[in-house]
2 protein chains.
Amino acid sequence: MQFNTRTPVYLQVVDYFKKKMALGKLKAGDEMPSRRELANDLKINPNTVQKAFKEMEDQQLITTERNRPSRVTTDGTVLAQIRSEIVDDAVAVFVEAIQELDVSVDELVDKIKRQYKEGTYDDRSVGS
Amino acid sequence: MQFNTRTPVYLQVVDYFKKKMALGKLKAGDEMPSRRELANDLKINPNTVQKAFKEMEDQQLITTERNRPSRVTTDGTVLAQIRSEIVDDAVAVFVEAIQELDVSVDELVDKIKRQYKEGTYDDRSVGS
DNA sequence: CTAACTGTATTATTAGCGTAATACACTAAG
DNA sequence: CTTAGTGTATTACGCTAATAATACAGTTAG
């Protein structure tokens with residue numbers, strides 16, 4: 001995992017886990033990695049991880065019983081909203097950036113498709 | 001003009017002018033506002049404006065002869081690239097945020113159109 | 001039981017960046 | 001010439017995030 005400098009690392013960690021939940025790679029009730037272990041893996045300070053986990057708790061994405069590894073929430077409604085939150089936020093930022101520039105839908109779709117292809121990801125959803 | 005807290009103000013000022021140039025509201029050779037005047041209008045510190053102008057000079061968007069108001073570059077190739085830079089950057093950020101989430105083109109276009117409509121802007125390009 | 005692991009809390013320090021205050025040099029209009 | 005306006009440079013301040021070092025409390029595997 002690589003971080004960009006502009007966004008706080010702890011928020012990037014939050015987003016990282018949000019994506020995992022949205023993708024189903026982390027399911028309701030799954031155990032989260034230990035804070036110390038994750039900090040070691042990501043080569044960041046345990047306190048930064050702690051802040052990220054605190055943030056996720058505040059957002060009710062995870063729950064923690066005392067002195068037990070945190071777990072992904074079992075609240076289905078919360079989990080169900082994660083994906084749309086990510087997408088909606090991204091759309092809002094995107095439109096904010098290009099609005100007024102008179103970009104055609106065709107141009108947008110074309111560029112987005114192109115950008116997808118630069119990754120090595122499955123593009124069946126956007127690719128056709 | 002309103003600023004968000006996360007992005008540095010001076011970069012938001014740069015983007016503001018980039019958009020103006022991309023839209024043709026600022027044309028090649030046009031005089032830029034005075035740094036102090038602009039700072040006063042935007043209610044920000046003159047040094048913040050100075051930093052923004054310095055950034056625009058580094059990007060060759062404007063040129064300045066000593067003790068004269070800055071002017072929009074007359075370099076056509078630079079001006080021609082501004083719009084595509086803005087759009088491409090926005091697309092890159094956007095795709096980065098939602099890739100792997102398996103979002104269909106239809107869903108994206110639908111959401112983008114919706115978002116456009118929340119503004120009071122002319123949506124003839126994306127609206128149909 | 002004990003040892004090693006959980007999460008949590010507190011405090012301090014550091015580094016970087018954005019912002020601010022001020023002074024300087026030059027130009028141009030009156 | 002003088003004054004008010006340019007852009008420029010230097011220095012310092014303040015905030016935030018990240019790190020760091022500890023300490024504490026509880027659980028669990030051996």
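Values reported hereafter were calculated over all heavy atoms of this structure, with side chains retained and with hydrogens, waters and symmetry mates removed. Chain naming here is simple, since letters A, B, ... match the order of the sequence lines and numbering starts at 1 in each.
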Please report the C-alpha distance between Thr63(B) and Glu57(B) in whole Å, then the side-chain angles of each, then the deciding distance to 0.1 Å, and finally whether the side chain to side chain donor-acceptor pair (under 3.5 Å) criterion is met.
CA-CA 6 Å; Thr63(B) 57; Glu57(B) 285 200 350; over 6 Å; no
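For the pair Pro8(A) and Arg36(A), both in contact range of DNA chain D, the more 5′-proximal nearest nucleotide belongs to Pro8(A).
In the model, Arg6(A) has no side-chain atom that pairs as donor or acceptor with a side-chain atom of Thr7(B) under 3.5 Å.
Under a 4.0 Å N-O distance rule, the pair Arg71(B)/Glu65(B) does not qualify as a salt bridge. Here Arg114(B) pairs with Asp110(B) in a salt bridge; the nearest charged N to carboxylate O distance falls below 4.0 Å.
Under the 4.5 Å side-chain contact rule for hydrophobic residues, Leu11(B) and Ile62(B) do not share a cluster.
In this model, the phosphate group of dG7(D) is approached by a side-chain N or O of Arg35(B) to a distance below 4.0 Å at OP1 or OP2. At the phosphate of dG18(C), OP1 or OP2 sits under 4.0 Å from a side-chain N or O atom of Arg6(A). When the side-chain nitrogen and oxygen atoms of Gln50(A) are compared with OP1 and OP2 of dG7(C), none of them lie within a distance under 4.0 Å.
Residue Phe53(B) is out of contact with every strand shown, counting any heavy-atom pair closer than 4.0 Å.
By the 4.5 Å heavy-atom criterion applied to side chains, Lys54(B) and Tyr10(B) are not counted as neighbours.
Proximity of residues 37-45 of chain A to DNA chain C (heavy atom under 4.0 angstrom from any strand atom) is not detected for any residue.
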